[in-house]
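Report on the following structure.
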Amino acid sequence: MSGFAGFALRRTVGAVITLLAISVIVYVVFYVTPGNVAHITCGPRCSPEQVHQVARQLRLDDPLYVRYWHFLEGVFVGQDYSTGTSVGHCSAPCLGLSYQTDQQVTQIILTKLPVSLSLVIGAMVLWLLLGVGTGVLSAWRRGRFTERALTGLTLAGISTPVFVIGLVLMIVVCGQLDLLPFPEYVPFTDDPEQWAWNLVLPWLTLALAEAAYFARLTRASMLETLAEDHVRTFRAYGVGERSIVGRHALRGALAPVIALNANDLGSSVGGAVLIETLFGLPGIGQELVHAVTVVDLPVVVGMVLVIGFFVVLANAVADVLYALADRRVVLT
């Protein structure tokens with residue numbers, strides 16, 4: 001199979017293999033961690049008999065490879081789980097039950113995921129507009145005051161911690177100017193307008209932190225592309241500078257931007273912990289921190305796998321966009 005179909009198939013197979021490898025590593029790392037999980041789950045007042053009963057209920061006495069096989073079985077076909085007094089079925093894709101609440105991990109993720117996706121996707125639009133636009137303008141105005149000013153702003157954005165940006169925006173925008181309400185997450189299905197208004201500040205905070213990196217990368221890529229032979233040929237034939245920058249140089253400079261955006265988009269789904277904590281957004285990142293704190297291993301493994309899935313998916317999509325943006329890329 002050749003051409004785009006073969007390219008897509010190979011990327012899909014590679015993504016599946018990568019996810020399986022991630023699942024093995026994550027499962028082994030977290031389930032070999034020191035500490036008696038059954039004792040932590042049962043509580044400090046449990047007797048040794050109760051701790052042993054919890055360990056048997058959680059299948060902690062089984063070898064690690066057996067537990068991993070049951071985990072894969074649940075992901076692909078579902079699995080029955082004992083909750084102490086009854087047996088319940090967890091439909092595929094099943095990532096297990098929470099040690100703390102006996103709730104299905106899949107349901108926990110589905111509850112938290114819309115919050116994180118709302119934050120990351122909205123911020124991504126802003127950081128691409130701000131970052132790429134600033135980088136293009138800075139490269140176009142190289143050696144002028146505009147470039148120096150934008151470079152200074154970019155350095156300030158990279159140097160400022162994200163929680164400082166968020167605090168300043170809340171104090172100024174919500175407190176002193178009273179332009180926006182203090183963020184409180186509202187589901188999109190309940191009120192789309194309030195959903196957007198309450199996410200403006202989190203979007204801006206994450207976008208300003210990320211846009212600085214995109215601005216620097218875009219500027220460097222644009223300067224490299226503008227120095228190539230075909231650009232000098234366009235100038236020799238009298239093609240306008242705006243046309244050269246917008247239609248030719250920008251397209252050649254987008255490839256590294258696409259790659260960086262894929263990494264940031266995937267990792268930000270679970271990595272925007274500070275943003276979610278600062279603005280009280282009940283997303284994946286905040287839930288992951290809580291699960292690590294209480295040693296809720298099924299939730300930790302499930303969350304990390306979901307974050308890994310988005311990273312792999314974003315990079316697979318980036319490969320396709322990379323090829324579309326740069327025709328010199330060979331589909332292999």
Side-chain angles (χ1 to χ4, degrees), residues 16 18-44 46 51 54-76 78-79 81-84 88 90-117 119-120 263 265-278 280-314:
V16 172
T18 302
L19 285 174
L20 285 175
I22 292 173
S23 70
V24 172
I25 295 171
V26 169
Y27 201 89
V28 170
V29 166
F30 283 107
Y31 278 94
V32 178
T33 53
N36 190 326
V37 176
H39 182 73
I40 295 173
T41 304
C42 186
C46 287
V51 172
V54 171
R56 186 179 58 178
Q57 179 181 331
L58 299 177
R59 294 178 175 175
L60 297 176
D61 295 331
D62 293 339
L64 185 62
Y65 69 88
V66 174
R67 282 185 279 161
Y68 178 71
W69 175 254
H70 286 307
F71 173 76
L72 285 184
E73 187 180 45
V75 171
F76 290 105
Q79 198 169 8
Y81 282 90
S82 172
T83 58
C90 180
S91 302
C94 179
L95 297 173
L97 297 182
S98 167
Y99 288 168
Q100 301 295 319
T101 64
D102 286 336
Q103 187 179 359
Q104 294 184 17
V105 175
T106 307
Q107 293 299 322
I108 296 175
I109 293 173
L110 291 177
T111 302
K112 306 295 182 179
L113 189 58
V115 182
S116 295
L117 289 180
L119 170 64
V120 172
N263 290 325
L265 179 61
S267 59
S268 293
V269 172
V273 179
L274 286 175
I275 303 295
E276 293 179 357
T277 303
L278 180 63
L281 302 177
I284 290 286
Q286 197 172 34
E287 182 65 26
L288 178 59
V289 172
H290 172 72
V292 171
T293 303
V294 298
V295 199
D296 199 346
L297 294 183
V299 177
V300 173
V301 172
M303 294 283 185
V304 173
L305 287 180
V306 168
I307 295 170
F309 167 78
F310 278 102
V311 172
V312 172
L313 177 63

Item to check | Test log, rule side-chain contact (heavy atoms from CB on, under 4.5 Å), inputs R67 and L64 | outcome: CA-CA 5 Å; R67 282 185 279 161; L64 185 62; 3.8 Å; yes
Checklist entry - Short question: side chain of S116, backbone of G283 - any donor-acceptor pair under 3.5 Å? => result no
Checklist entry - Heavy atoms, side chains only, cut-off 4.5 Å: are K112 and P282 in contact? => result yes
Checklist entry - Do the non-hydrogen side-chain atoms of L97 and Q103 ever get within less than 4.5 Å of each other? => result no
Next on the checklist: Looking at every non-hydrogen atom in both residues, tell me the closest pair between C94 and G78 and how far apart they are.
Outcome noted: CB-CA, 4.4 Å
Listed pairs under 3.5 Å, donor-acceptor, residues 295-314 side chains, sequence neighbours left out:
{"from": "D296", "atom 1": "OD1", "to": "Y99", "atom 2": "N", "distance (Å)": "2.8"}
{"from": "D296", "atom 1": "OD2", "to": "S98", "atom 2": "OG", "distance (Å)": "2.5"}

Checklist outcome for this item: When rounded to the nearest 0.5 Å, the distance separating CD1 of I284 from CD1 of I108 is 9.5 Å
Next on the checklist: For Y27, give me all partners under ring pair (Phe, Tyr, Trp, His ring centres under 6.0 Å), at least two apart in sequence or on another chain.
Outcome noted: Y31, Y68, F71
Checklist entry - From T101 OG1 over to Q107 CD, what is the distance, rounded to the nearest 0.5 angstrom? => result 11.0 Å
Checklist entry - Quick one: CG on L113 to OG1 on T106, what's the gap to the nearest 0.5 Å? => result 11.5 Å
Checklist entry - For the atom pair CG (L274) and CD (E276), what is the distance rounded to the nearest 0.5 Å? => result 10.0 Å
Item to check | Min side-chain heavy-atom separation L95-V75 under 4.5 Å | outcome: yes
